[in-house]
Amino acid sequence: MEQGFDITLYEQNNFLGGKLGAHRDSDKPDPHEHCYHMYLNWYNNFWQFMAEIGAADKFIPSTVIGCRFPGDKQTRPYLTNPGSPATILTNMLNGVASPADQFLSAYSLLDLIGTQSMSGAVLEQTSVSNFFRSRGYSTEGSLTASARTLAEAFASPSYLSSARSYQSLVKYGYRNPTPSLWLLTQNTNDGIFEPWRRHLEARAKELKRRFKIHFQMRVESLHLTDGEVRELTLGEMPEEPTTDRNVDPKPSKTWKVNVPGDLVLAVPPGPLGRLVSPEVAACAPKLETVRELRSEPMISLDAYFKCRIPGLTKSITLLLGSKYNLSLLDISQVWKEWPEGGGTALNVISSNADLIADYPKEVIREIMLKELQRFLDFKLDDVDYDRCHVQTNVGEELFVNQVGSWDSRPKAVCEIPNLFLAGDFCQTFVDVVTVEGAVVSGLLAAEALRRKHKIGAPIDIIQPDSYPAFLPAALAAALRPAAFAAKAVSMADSMMRSNFSRIFPNG
Ligand SMILES: Cc1cc2nc3c(=O)[nH]c(=O)nc-3n(C[C@H](O)[C@H](O)[C@H](O)COP(=O)(O)OP(=O)(O)OC[C@H]3O[C@@H](n4cnc5c(N)ncnc54)[C@H](O)[C@@H]3O)c2cc1C
């Protein structure tokens with residue numbers, strides 16, 4: 001729009017934001033996010049948008065990622081500003097693993113971002129697990145610590161996750177490690193997407209451009225003439241189709257519209273795969289590879305309580321050793337304007353959702369609440385069942401940065417000259433699936449479109465900063481003797497533990 005284009009947006013849901021969005025069920029006031037989100041320092045383009053729409057001051061810094069073991073009375077620090085020299089000792093002594101294993105886990109990340117022995121392409125085809133196992137200093141404890149963090153971040157086991165994507169996440173984070181992350185003090189619909197919509201509508205008026213959003217309208221198929229997309233079939237969606245498990249949501253009616261200019265498809269890999277018909281693939285054969293990309297659902301439970309649950313903090317908290325890889329955010333502490341004296345409200349995420357995603361939602365709620373009880377002090381009578389809400393997110397899965405997936409990810413442009421692609425799964429310099437990856441992919445599509453029409457000035461797209469690889473490589477080389485010493489300590493420690501448990505099997 002800033003470059004002089006009129007814009008029509010078709011969104012299948014009745015709210016904006018997709019996987020970053022929040023919706024309200026028609027008969028209830030509580031907003032439900034797809035998942036709580038962490039916003040990182042290096043999301044330069046995202047922060048620029050937040051400043052532009054006046055939302056930057058709605059975020060608060062969070063230095064700590066917390067954790068709990070079963071039976072814990074209080075959330076404890078798991079990682080504090082990871083990558084910061086000031087918190088190395090704090091993180092080593094977090095009590096989750098032995099200090100030696102914690103050191104090795106942190107050291108392996110330094111080694112990963114400094115590695116020069118493997119080219120980017122080789123690293124992309126190497127799993128995180130393989131990379132770490134190939135390092136002589138690794139121990140079972142350090143591998144477990146790395147796998148734990150990865151399962152939370154990527155919803156994908158370390159033996160399937162691309163080492164290069166993980167490297168991107170770590171190298172951008174380590175360059176600017178304080179605070180660990182930022183949290184939004186409102187739900188994303190009210191905090192980001194409504195202000196964004198209002199901002200765009202106001203800008204359209206100022207610029208005298210046409211900007212129209214059509215909600216609950218799904219793009220069903222593309223129709224080509226002379227190798228260009230010239231028509232779309234649209235479907236009117238009767239309900240919110242992607243927040244609930246809905247095997248095959250059908251539109252109540254369909255019709256065709258013309259595409260007078262260009263089309264940007266900013267839909268996830270699954271829906272994109274469905275739009276790549278034989279007609280589309282005949283013109284842009286590479287787009288078929290999007291079907292090779294893998295995504296994983298992460299179940300979201302909004303758990304409301306009639307009272308305060310003791311011992312919780314404002315931090316994102318991992319429930320270590322939980323079934324279904326649970327983590328949570330206490331939104332009643334983070335969201336502003338929470339009623340005084342109101343009970344605790346948690347957004348609980350299962351990042352190993354495959355195990356339970358097919359159960360009825362009431363069963364999922366019970367299973368997750370029971371598992372939660374192992375970590376938090378509450379009775380089932382304390383639960384405000386009327387307000388609890390389960391979202392299986394099946395149909396809105398998280399794209400996973402799997403080993404070797406890069407070549408199957410589309411670029412912003414394809415062989416169809418008026419078709420552009422965007423989304424967190426597209427090839428960008430960000431690589432790792434994040435809000436910033438999605439934002440950058442949108443900017444790259446906009447820039448490609450602008451260049452095609454040869455109008456306006458180039459769109460400013462900011463790359464995240466990182467240390468030149470030789471710096472972490474030199475530091476890793478200098479610390480290598482310490483890493484092998486830590487390995488010796490860790491092995492001696494685990495040998496003593498296993499001997500002890502052989503002699504005293506009951507502890
Ligand atoms: C559980 C979970 C936790 C996450 N945590 C974090 C985090 O902490 N930090 C972080 O940076 N990132 C996180 N992410 C990743 C981040 O949410 C996504 O990368 C980002 O939101 C993706 O944006 P997108 O625009 O590419 O896709 P989406 O958000 O999926 O948007 C696609 C949009 O297209 C619409 N659509 C789909 N098909 C059609 C169609 N045919 N017609 C019309 N509309 C259609 C959808 O309704 C949706 O609105 C997380 C993701 C998940 C799933």
Side-chain angles (χ1 to χ4, degrees), residues 8-23 33-43 45-47 62 65 152-156 169 172-173 180-184 188-189 192-193 213-222 232-237 240-243 249 251 254 263-276 293 295-301 316 325 327 329 347-353 391-401 409-410 421-426 428 430-443 445:
T8 307
L9 194 152
Y10 298 109
E11 166 55 55
Q12 65 177 0
N13 277 323
N14 67 356
F15 62 94
L16 292 175
K19 291 192 275 286
L20 185 59
H23 77 283
E33 292 193 342
H34 183 104
C35 171
Y36 66 76
H37 271 68
M38 44 182 108
Y39 306 86
L40 304 180
N41 292 315
W42 55 269
Y43 290 6
N45 300 283
F46 171 80
W47 292 123
S62 179
I65 297 175
E152 296 296 340
F154 280 13
S156 167
L169 184 69
Y172 299 145
S180 292
L181 55 101
W182 296 78
L183 295 169
L184 183 61
T188 50
N189 187 63
I192 297 179
F193 290 104
I213 303 178
H214 297 274
F215 287 102
Q216 284 180 257
M217 237 170 249
R218 188 169 73 179
V219 177
E220 299 289 317
S221 50
L222 318 183
L232 300 177
T233 296
L234 295 177
E236 187 177 81
M237 303 311 289
E240 297 135 39
T242 63
T243 56
T254 61
L263 175 69
V264 179
L265 279 179
V267 303
L272 179 58
R274 287 191 282 282
L275 292 172
V276 179
L293 300 176
S295 299
E296 290 290 338
M298 286 162 106
I299 296 176
S300 173
L301 164 70
I316 287 175
N325 280 358
S327 61
L329 180 69
N347 180 228
V348 187
I349 298 299
S350 159
S351 48
N352 188 6
Q391 220 168 289
T392 60
N393 292 329
V394 174
E396 270 217 320
E397 293 93 347
L398 174 70
F399 162 68
V400 285
N401 284 107
R409 296 166 67 177
L421 288 314
D424 57 1
F425 62 102
C426 290
T428 68
V430 171
D431 186 356
V432 60
V433 54
T434 48
V435 169
E436 178 69 356
V439 168
V440 167
S441 75
L443 290 171

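Hydrogens, waters and symmetry mates are skipped; everything else that's a heavy atom, side chains included, is used. Counting starts at 1 for both ligands and their atoms, in listed order. Since the structure is predicted, the reported quantities are computational estimates derived from the model, not experimental observations.
Of the candidates H37, E296, M298, the one placing a heavy atom closest to atom 13 (C) of ligand 1 is H37. Considering L183, V267, T188, L181 only, the shortest heavy-atom separation from atom 38 (N) of ligand 1 involves V267. Taking all heavy atoms of K19, Q12, E33 into account, the minimum distance to atom 28 (P) of ligand 1 is reached by K19. Remark: among candidates L265, V219, I316, the nearest residue to atom 42 (N) of ligand 1 is V219, based on non-hydrogen atoms. Considering each of F425, Y43, Y10, the one bringing a non-hydrogen atom nearest atom 10 (C) of ligand 1 is Y43.
Those atoms of ligand 1 that come under 4.0 Å of a heavy atom in M217, given as number and element, are 43 (C). Set against the non-hydrogen atoms of G423, the atoms of ligand 1 under 4.0 Å away are 26 (O). In the vicinity of N13, heavy-atom distances shorter than 4.0 Å reach the ligand 1 atoms 47 (O). Atoms of ligand 1 found under 4.0 Å from any heavy atom of P268 (numbered from 1 in listed order, with element): 30 (O), 32 (C), 37 (C). For ligand 1 and G18, the ligand atoms under 4.0 Å from any heavy atom of the residue are 29 (O), 31 (O), 48 (C), 49 (O). Per-residue contacts place C35 under 4.0 angstrom from the following atoms of ligand 1 (heavy atoms of the residue considered): 1 (C), 2 (C), 3 (C). Each of the following atoms of ligand 1 lies closer than 4.0 Å to a heavy atom of V433: 19 (O). Close contacts between ligand 1 and L20 involve ligand atoms 21 (O) [criterion: under 4.0 Å to a heavy atom].
Checked against a 3.5 angstrom limit, the closest N/O atoms of E397 and ligand 1 fall outside it. Backbone and side-chain nitrogen or oxygen atoms of R218 are examined, and none is located within less than 3.5 angstrom of a nitrogen or oxygen of ligand 1. Backbone and side-chain nitrogen or oxygen atoms of E11 are examined, and one is located within less than 3.5 angstrom of a nitrogen or oxygen of ligand 1. Residue-to-ligand polar distances keep E436 apart from ligand 1: every N/O pair is separated by 3.5 Å or more. At a 3.5 angstrom cut-off on N or O pairs, M38 counts as close to ligand 1. Between V435 and ligand 1, a contact under 3.5 Å exists for at least one N or O pair. Distances between N or O atoms of Y36 and those of ligand 1 include no value under 3.5 Å.
Here the shortest heavy-atom pairing between V432 and W42 reads CG1-CH2, 4.0 Å. Across all their heavy atoms, T392 and P297 have their closest contact at O-CB, 3.9 Å. Of all heavy-atom pairs spanning L183 and Y39, the tightest one is CA-CD1, 4.4 Å.
Between the side chain of N45 and the main chain of V439, no donor-acceptor pair closer than 3.5 Å is present. Side chain of E436 to backbone of F46: a donor-acceptor contact under 3.5 angstrom is found.
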- [ ] Using the side chain to side chain contact (heavy atoms under 4.5 Å, CB included) rule, take L40 and Y172 through it: C-alpha gap first, then chi angles, then the decisive distance, then the call.
- [x] CA-CA 9 Å; L40 304 180; Y172 299 145; over 6 Å; no
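Between W47 and W182, the ring planes are perpendicular. Angles over 60° get that label, and only those under 30° would be called parallel.
For the pair R218 and P249, the minimum side-chain heavy-atom distance is below 4.5 Å. Contact check for C426 versus R409: no side-chain heavy atoms found under the 4.5 Å cut-off. With contacts defined as side-chain heavy-atom distances shorter than 4.5 Å, the pair N189/H23 does not qualify. For the pair L222 and L265, the minimum side-chain heavy-atom distance is below 4.5 Å. Looking only at side-chain heavy atoms (C-beta outward), K19 and D424 come within less than 4.5 Å of each other.
Under 4.0 angstrom from ligand 1, there are no non-hydrogen atoms of A422.
Residues satisfying the side chain to side chain contact (heavy atoms under 4.5 Å, CB included) test with T233, not counting sequence neighbours, are E220, S221, H223, T254, K256. Take A422 and apply the side chain to side chain contact (heavy atoms under 4.5 Å, CB included) test, not counting sequence neighbours, and it matches V264, A266, S441, A445.
Contact between G437 and ligand 1 is absent, with no heavy atom of the residue lying under 4.0 Å from the ligand. For G17, the heavy-atom gap to ligand 1 drops under 4.0 angstrom.
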